[in-house]
There are 2 protein chains.
Amino acid sequence: MPVNSFENYPMTWKPDKKQLASPIYRSIASLLEYDILNGYLSPNTKLPPQRELADYLDINLSTVTRAFKICEVKGLIYAVTGSGTFVAPNVGNAIFMADSEENKSFIEMGIIEPLDCSNALVAETIKRIVTKNYLEKLLDYRHPLGMPYHRMAAKKWMERFNMDVSVENIAITSGGQNSLTLILMSLFNPGDKIAVDTYTYPNFIELANMLNIHLVPVEGDTFGMLPERLDAICRANHLQGIYLIPSCNNPTAIIMDMNRRKDIAKVINKHNLILMEDDIFSFLTPQGYLPISHFVPERFVYSLSISKSLSSGMRVGFLAYANQFAEKITHGIFNINIKTSSLNAEVITELINTGSAEKIISQKKEIAKERNLIYQKYFLKENSNENPLSFFRWLPLRQKYQLKQFEQNALEHGIHVYHSHRFLVKKDKSDQFIRISLTSAKDSDELEKGLCILKNFLLNIE
Amino acid sequence: MPVNSFENYPMTWKPDKKQLASPIYRSIASLLEYDILNGYLSPNTKLPPQRELADYLDINLSTVTRAFKICEVKGLIYAVTGSGTFVAPNVGNAIFMADSEENKSFIEMGIIEPLDCSNALVAETIKRIVTKNYLEKLLDYRHPLGMPYHRMAAKKWMERFNMDVSVENIAITSGGQNSLTLILMSLFNPGDKIAVDTYTYPNFIELANMLNIHLVPVEGDTFGMLPERLDAICRANHLQGIYLIPSCNNPTAIIMDMNRRKDIAKVINKHNLILMEDDIFSFLTPQGYLPISHFVPERFVYSLSISKSLSSGMRVGFLAYANQFAEKITHGIFNINIKTSSLNAEVITELINTGSAEKIISQKKEIAKERNLIYQKYFLKENSNENPLSFFRWLPLRQKYQLKQFEQNALEHGIHVYHSHRFLVKKDKSDQFIRISLTSAKDSDELEKGLCILKNFLLNIE
DNA sequence: CGATTTGTACGTTCACATTTT
DNA sequence: AAAAATGTGAACGTACAAATC
């Protein structure tokens with residue numbers, strides 16, 4: 001029996017009943033979308049409970065649920081059982097480089113640049129390659145997974161980081177981000193669920209959103225993700241996969257130690273998850289760590305990006321995977337890219353085979369060390385498991401702020417930093433931090449200046 | 001009231017009732033998946049009607065529908081209203097190059113290779129570039145959409161094909177296939193529907209499948225897709241987009257004439273569709289054609305691949321789009337690729353700016369002309385709207401065959417060709433054809449030999 | 001800590017569109 | 001051309017789980 005006395009109920013959003021046409025749930029969804037996109041509903045507004053709306057519109061509860069689901073998938077709203085449904089805070093937290101910021105008016109400590117000091121060496125290598133007589137062989141579109149010679153180099157480079165895998169299980173991709181796209185598209189379906197650290201790489205979050213793959217945050221301690229929590233969530237949720245950056249989690253900078261790696265691997269095996277191990281920062285990790293993939297040989301996908309370590313501009317990445325995924329990934333490569341240019345793969349191969357690669361990473365580690373020392377002049381490192389050579393640091397805030405407001409405020413003081421909300425799957429009232437990039441300032445002096453501004457800025461507002 | 005007398009009903013698939021646990025629909029889906037993947041159900045087997053299965057299992061009809069939906073999304077089965085549900089024929093019709101086929105034992109007339117005669121010119125260009133003093137500038141990861149200079153070259157190249165668009169509405173991608181991925185991921189959501197020609201590019205079909213985007217085939221005549229049919233389907237279906245290759249539809253080789261382009265554009269505007277215009281073969285089209293995008297300036301995405309026209313190995317593509325899509329596409333590029341290597345874009349830019357590009361396409365057109373003449377010695381061209389310089393031809397079969405069987409049979413005779421079923425969204429009893437690639441045989445002699453084998457082969461089996 | 005609020009998941013009913021007979 | 005077979009999509013009712021008070 002409908003109760004038609006809701007005219008006085010304080011509903012934050014009242015769709016126009018007259019505008020409801022069949023299918024009702026779609027009507028509701030588009031009215032809601034319209035009102036959000038046109039600013040009639042501001043971010044974080046709490047929408048009426050689904051039951052109230054259903055009563056008010058004189059329709060069934062699940063019809064409202066469905067309508068809300070559409071908007072949630074589009075990222076317009078988010079819902080929390082028990083508390084309600086809310087208009088999403090301004091969408092798009094992915095971190096990306098503006099198209100033209102040649103002359104920045106601020107010190108960059110947001111984006112993590114790769115210390116492109118190596119470009120001179122890369123340029124030399126390119127010059128050397130074009131003199132080779134097989135140059136034309138690099139220009140056709142055979143070998144979608146990469147030329148055997150390039151895959152051998154990839155194998156060699158992986159071994160350097162204790163990842164042992166056969167050439168048949170390696171593919172060349174167009175960079176780390178491209179590897180992630182490839183993995184998500186090839187091995188997962190819309191609606192699948194993947195476990196991630198509470199704070200994780202925002203571009204992975206956004207990529208998953210685009211593909212309608214749901215991320216489930218799992219709490220961690222100072223060693224990284226907690227195996228018991230992962231296990232509990234798996235028992236309740238039917239997850240398909242897990243994404244980890246164990247060599248230096250972005251943004252927390254935690255290195256996962258061997259014990260934790262083994263414990264996580266056990267849970268992965270127990271629940272048949274697909275492990276996506278992003279080892280982009282392995283070149284900053286001390287010797288002696290084995291990848292988690294090592295312990296789940298039947299169900300791993302291992303991405304070794306070279307954008308941070310060797311060359312960001314070449315857009316080449318290495319991907320290794322368990323046998324069972326070979327066919328799907330081959331297919332995926334073909335559908336997404338056809339292939340990665342062999343010319344680019346050749347450049348990286350040459351770097352690896354001539355030893356230039358080693359030179360580049362030791363240079364970068366040197367600079368990273370220096371910049372971390374500078375950081376410690378201003379702020380304490382709170383967790384001893386953080387990677388000492390990390391390209392970024394993770395600083396707890398003592399108060400709560402709004403993401404945009406905080407970042408904007410910092411920018412007005414001349415520094416660009418990222419607030420921890422960007423790294424959350426669901427924006428909630430978790431502890432707040434900022435991620436401070438150490439590698440994007442032009443030099444040590446600029447970094448020092450930036451950190452100084454930051455320190456004062458925090459003192460003033462706290 | 002359940003009728004429990006189905007023990008004798010000839011059901012092709014009987015799931016074990018005892019194995020059904022809650023959620024029922026998931027149980028059914030996984031049992032079905034298991035039986036298909038393990039070969040207990042062979043391709044094209046007709047499954048019991050959903051109603052029968054529901055009765056047999058003593059559950060509701062829609063529970064079965066939902067279970068089947070899961071398997072359909074995964075590509076394991078397909079359903080046709082009125083006729084039933086069937087186990088999908090062996091999945092994966094996308095056309096792709098085996099990883100190592102250096103020494104083929106057959107004549108290649110399946111894959112469409114790009115006539116890589118241009119590679120010498122490209123190699124020269126690369127050698128020239130590495131001597132430039134701005135080489136290092138090409139190695140960083142600024143300019144996700146492409147450096148301004150490269151986007152200018154893209155604009156110039158688009159103008160060459162009568163596509164007029166501002167530099168702000170152009171991005172550099174990692175090739176045509178990558179552009180398609182980008183468009184589908186950035187502008188569409190899982191579950192969206194896109195109109196395509198009855199016979200269309202198989203890699204687009206498979207890409208859409210991966211992203212769970214539904215393709216709706218629209219009939220055409222000798223001029224290409226029929227505007228009335230498109231209009232009718234839009235009125236019944238709520239489509240979000242349309243994908244067309246008007247300069248030389250793959251596989252039918254039809255050029256859409258100006259009248260048809262305008263009529264299709266009207267329908268696109270009427271129903272607010274997003275037009276995806278794939279102009280990969282524009283370099284083979286006579287002067288005087290305007291892209292369909294020209295007539296839908298608010299809702300087009302225009303992909304100009306250079307893989308077939310200039311260089312397949314560089315993996316560079318150009319993408320233009322209406323204002324409203326700029327933000328989403330920028331985001332998409334960042335999520336999928338971060339960017340395309342500027343080195344590669346520079347090579348293509350140099351080709352365009354020095355006039356080498358013109359030289360390459362006139363060379364290719366010359367060869368295409370010659371090979372089409374050879375083709376006409378063996379087979380008639382049936383439709384006068386087919387592109388006379390097409391890299392492939394479309395030959396009607398007089399009888400019906402099974403895709404795999406036909407192709408395998410041809411292969412045993414020493415020729416590789418593709419059967420029309422690969423180009424269908426839903427495999428049905430449409431008219432059958434084969435697509436014959438003219439550009440992949442090593443030279444004219446080999447092509448002639450291949451066509452000769454084909455002619456005899458068809459005579460023998462028909 | 002237990003009751004209440006609120007969102008989620010699943011199975012059901014029914015009207016309808018398309019294909020086949 | 002009408003009837004039967006068959007899949008699809010919308011809306012509904014109920015049980016449950018998580019968050020809050």
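When reading the values below, keep in mind they use all heavy atoms of this one structure, side chains included, and skip hydrogens, waters and symmetry mates. Letters A, B, ... mirror the listed sequences (proteins, then strands); counts begin at 1.
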Assign [X] to base, sugar-phosphate, or nothing according to its heavy-atom contacts below 4.0 angstrom with the strands shown.
X: Ile24(A); answer: sugar-phosphate
X: Thr63(A); answer: sugar-phosphate
X: Tyr25(B); answer: sugar-phosphate

Quiz item: Could you go step by step and tell me if Val425(A) and Val196(A) meet the side chain to side chain contact (heavy atoms under 4.5 Å, CB included) rule?
Solution: CA-CA 9 Å; Val425(A) 172; Val196(A) 293; 3.7 Å; yes
Self-check item: Electrostatic pair Arg260(B):Asp263(B) at N-O distance under 4.0 angstrom
Solution: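 Here Arg260(B) does not pair with Asp263(B) in a salt bridge, since their nearest N and O are not under 4.0 Å apart.
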Between [options], which one does the side chain of [X] approach most closely?
X: Ala79(B); options: dT8(D), dT6(C), dT14(D); result: dT8(D)
X: Pro23(B); options: dC14(C), dC10(C), dA10(D); result: dC10(C)
X: Ile59(B); options: dT14(D), dT6(C), dT12(C); result: dT12(C)
X: Lys46(A); options: dT6(C), dT12(C), dT20(D); result: dT6(C)
X: Ser83(B); options: dG9(D), dG7(D), dT19(C); result: dT19(C)
X: Thr81(B); options: dC16(C), dT6(C), dT18(C); result: dT18(C)

Check the distance between [N]'s [atom2] and [X]'s [atom1] and give it to me in whole angstrom.
X: Lys193(B); N: dT8(D); atom1: NZ; atom2: C1'; value: 9 Å
X: Leu53(B); N: dA5(D); atom1: CG; atom2: P; value: 17 Å
X: Leu61(A); N: dT8(C); atom1: CG; atom2: C1'; value: 9 Å
X: Glu52(B); N: dT6(D); atom1: CD; atom2: C1'; value: 10 Å
X: Asn60(A); N: dG7(C); atom1: CG; atom2: P; value: 14 Å
X: Ile70(B); N: dG11(C); atom1: CD1; atom2: C1'; value: 13 Å
X: Phe68(A); N: dG7(C); atom1: CZ; atom2: P; value: 7 Å
X: Ile233(A); N: dA18(D); atom1: CD1; atom2: P; value: 11 Å

Practice problem: Taking the side chain as every heavy atom from C-beta outward, state whether Asp231(A) and His271(A) have any pair of such atoms under 4.5 Å apart. | Solution: yes
Quiz item: Tell me, do Ile59(B) and Tyr25(B) make a side-chain contact under 4.5 Å, heavy atoms counted?
Solution: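 Ile59(B) does not reach Tyr25(B) side chain to side chain.
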Practice problem: Please state whether the base of dT13(C) and the side chain of Ser62(B) form at least one donor-acceptor pair under 3.5 Å? | Solution: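 When only heavy-atom distances are counted, Ser62(B) does reach the base of dT13(C) through a donor-acceptor pair under 3.5 Å.
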Quiz item: Do Arg26(A) and dA10(D) have a side chain to base donor-acceptor pair shorter than 3.5 Å?
Solution: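 No, no donor-acceptor pair under 3.5 Å.
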Exercise. Have a look at the helix from dG2(C)-dC21(D) to dT21(C)-dA2(D) and give the angle its two end axes make, five pairs each, rounded to 10 degrees.
Key: 10°
Quiz prompt | Distance, nearest 0.5 Å, that separates CG of Leu273(B) from CD1 of Ile194(B) | solution =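 With rounding to 0.5 Å, CG (Leu273(B)) is 10.0 Å from CD1 (Ile194(B)).
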Quiz item: When you check the phosphate oxygens OP1 and OP2 of dT8(D), does a side-chain N or O of Gln50(B) lie under 4.0 Å from one of them?
Solution: yes
Quiz item: Have Asn249(B) and Thr252(B) got a donor and an acceptor in their side chains that come within less than 3.5 Å?
Solution: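 Note: Asn249(B) and Thr252(B) side chains meet the donor-acceptor criterion.
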Practice problem: Please report the closest heavy-atom contact between Thr12(A) and Pro48(A), naming both atoms and the distance. | Solution: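 That would be OG1-CD, 3.5 Å.
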Self-check item: For Phe423(B), the option from Trp394(B), Phe433(B), Tyr201(B) that meets side-chain contact (heavy atoms from CB on, under 4.5 Å)
Solution: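 Running side-chain contact (heavy atoms from CB on, under 4.5 Å) over Trp394(B), Phe433(B), Tyr201(B) with Phe423(B) returns exactly one hit, Trp394(B).
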